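Naming convention: chains lettered A, B, ... in sequence-line order (proteins, then strands); numbering from 1 in each chain. These figures come from a predicted structure and were not determined experimentally.
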Amino acid sequence: MNKLADLVDKPKDIQEKPLEIAALLLTWYDQNKRDLPWRRTNDPYTVWLSEIMLQQTRVDTVIDYYRRFLERFPDICSLADADEEDVLTLWKGLGYYRRARNLHQAAITVRDRYAGNFPRTFPEIRALPGIGDYTAGAIASIAYNLPYPAVDGNVLRVATRLLGLEDDISQQKIQKQIAEIIEEMIPKERAGDFTQALMELGAMCCTPNTPGCRDCPWRTVCTAHRTHRETVLPVKKKAKKATCFNYWTALVCNDGDILMEYRCNTQLLGNMWGLPLVQKESGSSAEELFRRDWELDLRFIKYLGSVRHVFTHQVWQMDVILFSLKPDSEVKSGLAWISREKLKDLPIPKAFQKVLQLMI
DNA sequence: AACCCGTGGAG
DNA sequence: TCTCCAAGGGT
């Protein structure tokens, strides 16, 4: 069955000669591609690492993390042998920390099940933790030149514009449809370049707000451009608003040490280090709330300021108080005294780094 | 399907 | 300040 033919309004030339259309893109890619660190080799480990880091994360942000990570863990087995906490520390500040834990777990799987050699088939790659349809397609095509589609946000945007698809791209059905169309366009000899070329076009030319159609290799065949729908497409429903939380945050100091919490893996920022928080309640003082929720007997020193941190689905408004702990107090499990010098070696997410910054 | 999971840059 | 978003995956 020809998926291209299934589309109602699809331009005839795209339907009849997908490989010629693809060739236009590849020529543009050869002349315009950026020199990025992960494009210097097709080693599956580095392709894999770059794809994980690039999930929902900008190229400029990733570059330094990518270099540091490979310097510390040059191959899969060195990563597999590492402690998870050290992997998280290298990931500190990059966000979406489950990526790092899945990466580490997958490295262990590759070491133990595949003798340290990254698997070479799509189903095996897709089965590793942290690797979904997109990432499996990207690795299979870029590292092994296998003809699997890799449909990310860029490709959804490029494809809907090229084809003039007005459907909501947040629907799984539409994403699958687009993947099938892209699959038919893959030049078998250059599957990996095609994958990267589509994303490069989306990143550098077919951008969300003001696309550079003037320099686009597909300007003559693009439905959206012809019908002036570039800035309308793709159609997607709006994200839900984040809920706001108001917290008291305790900076408890004892000589050079700071009282930190190792966060439970079931909560936001789990398996990382943070500071004691209590949700504000009218009628209760911060001291009362910390005694009730944390069994801490704190003495107020001074108010340090307010920190706002925005996550995808939450906003934290944290009012930070410097406290001391009453002498000879026990500290319940999950809490620990951490020296200032040790902070840099621990995985501490940005939200708490901002709070710690108030002290320095 | 809907929701959760971080962060920083751009308009 | 606000909104959107950037090479998504897991549940």
Side-chain angles (χ1 to χ4, degrees), chain A residues 33-34 36-39 46-66 88 91-103 105-106 125-143 149-158 168-176 179 182 192 194-204 206-210 231 234 236-244 263 265-272 274 307-317 347-354:
Chain A
K33 68 178 173 186
R34 289 168 290 177
L36 301 173
W38 45 88
R39 286 193 176 149
T46 59
V47 172
W48 171 36
L49 176 65
S50 68
E51 288 303 334
I52 300 299
M53 285 188 165
L54 285 163
Q55 287 171 3
Q56 301 291 288
T57 310
R58 290 187 150 72
V59 166
D60 291 343
T61 306
V62 166
I63 290 177
D64 285 341
Y65 282 90
Y66 174 83
L88 280 168
W91 209 271
K92 170 163 63 173
L94 195 55
Y96 284 134
Y97 299 98
R98 187 161 55 177
R99 293 184 294 177
R101 290 196 288 277
N102 282 333
L103 186 74
Q105 283 304 311
I125 296 168
R126 176 66 179 79
L128 294 170
I131 297 184
D133 286 334
Y134 160 75
T135 304
I139 296 172
S141 61
I142 296 170
V151 178
D152 71 334
N154 284 312
V155 179
L156 289 175
R157 184 172 59 255
V158 169
D168 179 356
I169 58 165
S170 48
Q171 293 177 41
Q172 197 178 18
K173 186 184 70 177
I174 303 302
Q175 295 185 10
K176 190 169 263 182
I182 294 299
F194 185 66
T195 286
Q196 298 193 74
L198 276 171
M199 294 191 287
E200 190 77 352
L201 188 71
M204 305 304 292
C206 194
T207 50
N209 294 322
T210 53
T231 54
K236 68 165 113 177
K237 57 170 171 276
K238 285 181 185 165
K240 208 184 75 176
K241 265 198 171 180
T243 37
C244 193
R263 295 173 64 83
N265 63 4
T266 57
Q267 63 183 154
L268 177 64
L269 305 175
N271 287 9
M272 305 188 71
V307 169
R308 179 186 172 81
H309 191 79
V310 179
F311 301 96
T312 306
H313 295 288
Q314 291 185 21
V315 179
W316 287 5
Q317 190 67 47
I348 301 169
K350 280 286 178 183
F352 297 110
Q353 288 185 45
K354 289 183 192 172

What's the NZ-P distance between A:Lys236 and C:dC4, to the nearest Å?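 It is 10 Å, rounded to the nearest whole Å.
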Interatomic distance where CD belongs to A:Gln172 and P belongs to C:dG10 [whole Å]: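 Rounded to the whole Å, the gap is 13 Å.
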Can you tell me which nucleotide in C:dC4, C:dG9, B:dC5 comes closest to the side chain of A:Tyr96?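 Comparing C:dC4, C:dG9, B:dC5 against the side chain of A:Tyr96, the answer is B:dC5.
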A:Asn209 or A:Gly130, whichever maps to the more 5' nucleotide of DNA chain C: A:Asn209
Is any side-chain heavy atom of A:Arg34 closer than 4.5 Å to a side-chain heavy atom of A:Val59? yes
For [X], answer base if it contacts any base atom (sugar-phosphate contacts may also be present), sugar-phosphate if it contacts only those atoms, and nothing otherwise; contact means non-hydrogen atoms under 4.0 Å.
X: A:Trp38; answer: base
X: A:Leu36; answer: base
X: A:Lys241; answer: sugar-phosphate
X: A:Gln314; answer: sugar-phosphate
X: A:Val310; answer: base
X: A:Arg39; answer: base
X: A:Lys237; answer: sugar-phosphate

Side-chain donor-acceptor contact under 3.5 Å, A:Gln55 with A:Tyr134: no
